[in-house]
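Heads up, the thing below is written out as structure tokens.
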Amino acid sequence: MDLFFKINETINRFVWGPVMIVLLMGTGLFFTLRSHGLQFRRFGYIMKEKVGRLFTGGAGKDIADGAVSPFQALTTALAGTIGTGNIVGVATAITTGGPGAIFWMWISAVVGMMTKYAEIVLSVHFRERNSKNEWRGGPMYYIERGLNLKWLATIFAAFAFCATLGTGNLTQINAIATSMKSTFHIPPLVTGIVVAVLIAVVILGGVKRIGSISEKVVPFMSLFYVMGAIAVLFINRAALVPSLALIFRSAFTPTAAVGGFLGAGVMKAIQMGMARGIFSNEAGLGTAPIAHAAADTEQPVEQGMWGVFEVFMDTILVCTCTALIILTSGLWSSGIDGANLTMAAFSQALPHVGAFIITISLFFFALSTMLGWSYYGEKCFEYLFGERFVNVYRIAFVLVTVLGSVVELRVVWAVSDTLNGLMAIPNLIGLLGLSGVVLRLTKGYFGEKM
């Protein structure tokens, strides 16, 4: 096991080192500058046109065969996005990188809005139908069809397929099992078996069933968690401004050791903020556009605007709520980590009720993430091995769910971080290589001034 950790750590240092940070930030910044800050200038329009549907649904027209509604595509992507990263990942970022990690998480989100926008635009533009007349798309298709680089598309699909079993499954079920044991004393293996059965029932119905479930669960779980967070922050309001000041101060100066916190330098804050931010909002990973490719829409840019909202919702809203709750509680330096830290922070302000809120939120967050990522993995597996072997992947995903409930957390997170970084590399190459297509489609929709 020690050898495994050394090998993984070596790879991780490369994929989340300075080169990856520059590539991730640089790609988002590139699209931001080339689009003249589209995510800022059109933010009001995006909120007006899109955000209302999060709570009103996407009803209004018949959906074509082999597709889901644009709203269902969004909620499927959000289901894959809003997960343990918002609860466990934020806590880990703070306890490892210090409060300053949250600032870099925000920065990654601001530029990441345009990265995800570009991913979705390309995914819808280059998608194709399979033999069942279902839409399929994502980085593997825009890399192959747009850049004519089949080998690079295959590399992405392979990394993404592996990541769906790690990031999209192991980390999620592990978090559910841990919280269920802590709050309700349910054995992790029992939780794993129950969740595996639920996952199997849904994913066997394909993207339409996943979309149908997601459009109902995502608005509920988002509102439930945010309302609970607002209640806690109101109780801790006296510590709100000092906590914000601590975030900005720690972003540019090393955080000293205090309590159970061992201290962290600025580079560690940047690394953890970026890694956990990307783990949470997935901008640059290339996963969410796989779901958006299934949308019943003829306009790539309109679907791409959902990507801006997606990152805002996930990181700027939900992750920030979690971060401020942890910091205002003062428990961030206590030595507690992961879901237990977030749960302790909630419980401090809302005794008994706080643990219940986190456990229920974590259950729905992680379960919905598993559903979304199961679809990503299925499409990557289909790209690699063909449609007839899709059920092999579904069975494997369900079995890994049971295994993940009893795996050590440290192993799960270490591998997931590495897989996320490896998956991002071919996707970002594809985005930069096809940037001209994104800008052309954007100008065609908004006009020369975009």
Side-chain angles (χ1 to χ4, degrees), residues 47 51 54-55 78 81-95 97-110 175 179 182-183 218-251 255 258-259 261 269 272-273 276-277 280-281 309-334 336-366:
M47 291 297 107
V51 72
L54 185 62
F55 300 102
L78 270 176
T81 301
I82 299 180
T84 58
N86 300 85
I87 294 176
V88 183
V90 173
T92 305
I94 293 174
T95 55
I102 303 305
F103 174 84
W104 297 107
M105 186 178 288
W106 290 337
I107 296 299
S108 72
V110 169
S179 64
S182 177
T183 304
V218 169
F220 163 75
M221 73 180 192
S222 302
L223 184 61
F224 178 77
Y225 184 75
V226 170
M227 292 302 292
I230 290 173
V232 172
L233 291 176
F234 178 78
I235 293 172
N236 295 346
R237 61 190 180 277
L240 197 55
V241 173
S243 295
L244 287 169
L246 180 62
I247 290 173
F248 285 100
R249 185 169 63 251
S250 301
T255 307
V258 57
F261 180 67
M272 292 308 302
R276 291 293 176 258
S280 180
N281 62 50
F309 168 73
E310 199 174 301
V311 176
F312 173 82
M313 177 74 182
D314 175 87
T315 307
I316 303 300
L317 181 58
V318 181
C319 284
T320 298
C321 284
T322 302
L324 290 176
I325 286 166
I326 291 172
L327 293 175
T328 58
S329 72
L331 297 175
W332 66 273
S333 60
S334 64
I336 310 174
D337 195 7
N340 289 330
L341 174 57
T342 308
M343 192 177 297
F346 262 84
S347 296
Q348 183 188 74
L350 300 171
H352 308 299
V353 178
F356 175 80
I357 290 174
I358 289 299
T359 301
I360 297 303
S361 296
L362 197 55
F363 177 82
F364 280 107
F365 280 17

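Position 1 is the first residue of the sequence; numbering continues from there. Just so it is clear, the model here is predicted, and its values are computed rather than measured.
- Two residues are said to be in side-chain contact when any heavy atoms from C-beta on lie closer than 4.5 Å; Val311 and Ile316 fail this criterion.
- Of the possible donor and acceptor atoms, one in the side chain of Trp104 sits under 3.5 Å from a partner among the backbone N and O of Ala251.
- Remark: the backbone N or O of Pro219 is not paired with any side-chain donor or acceptor of Ser222 at under 3.5 angstrom.
- The distance from atom OG of Ser243 to atom CH2 of Trp332, rounded to the nearest 0.5 Å, is 10.0 Å.
- Using a 4.5 Å cut-off on side-chain heavy atoms (C-beta onward), Met343 and Leu362 make no contact.
- The main-chain N or O of Ala355 is found under 3.5 Å from a side-chain atom of Ser347 such that the two form a donor-acceptor pair.
- Heavy atoms only, all atoms of each residue included: Phe309 and Met47 are closest at CD1-CE, 3.4 Å.
- Looking only at distances, no side-chain donor or acceptor of Ser250 sits under 3.5 Å from a matching main-chain atom of Ile247.
- Taking the side chain as every heavy atom from C-beta outward, Tyr225 and Ile82 never approach each other to under 4.5 Å.
- Checked by atom type, the side-chain pair Ser280/Asp314 shows a donor-acceptor distance below 3.5 Å.
- For the atom pair SG (Cys321) and CD1 (Ile230), the distance works out to 6.5 Å, reported to the nearest 0.5 Å.
- In terms of heavy atoms, Arg276 sits closest to Thr92 at NH2-CG2, 3.5 Å.
- Of all non-hydrogen atoms in Arg249 and Leu246, the two that sit nearest each other are NH2-CD1, 3.3 Å.
- Under the 4.5 Å side-chain criterion, counting only non-hydrogen atoms from C-beta, Phe363 is not in contact with Thr183.
- Shown are Phe346, Phe224, Phe356; of these, the side chain to side chain contact (heavy atoms under 4.5 Å, CB included) with Ser361 is made only by Phe224.
- For the pair Leu324 and Leu244, the minimum side-chain heavy-atom distance is below 4.5 Å.
- In terms of heavy-atom proximity, Ser329 sits nearest to Ala345 at OG-CB, 3.6 Å.
- Atom CD1 of residue Ile358 and atom OG of residue Ser182 lie 11.0 Å apart, to the nearest 0.5 angstrom.
- The closest side-chain heavy-atom distance from Val88 to Thr342 is not below 4.5 Å.
- Listed by first then second residue, pairs satisfying side-chain hydrogen bond (donor to acceptor under 3.5 Å, both in side chains) with a partner in residues 229-241 read Asn236-Thr328, not counting sequence neighbours.
- In this structure, Ile102 and Val90 have side chains that are in contact, with non-hydrogen atoms separated by less than 4.5 Å.
- Between Ile336 and Ala344, the closest heavy-atom pair is CD1-CB, 4.2 Å.
- The CD1 atom of Ile326 sits 8.0 Å away from the OG1 atom of Thr95 when rounded to the nearest 0.5 Å.
- Between Asn281 atom CG and Glu310 atom CD the span is 8.5 Å, to the nearest 0.5 Å.
- Taking each heavy atom of Cys319 and Met105 in turn, the nearest pair found is CB-SD, 4.0 Å.
- The CD1 atom of Ile87 lies 9.0 Å from the OG1 atom of Thr359; values are rounded to the nearest 0.5 Å.
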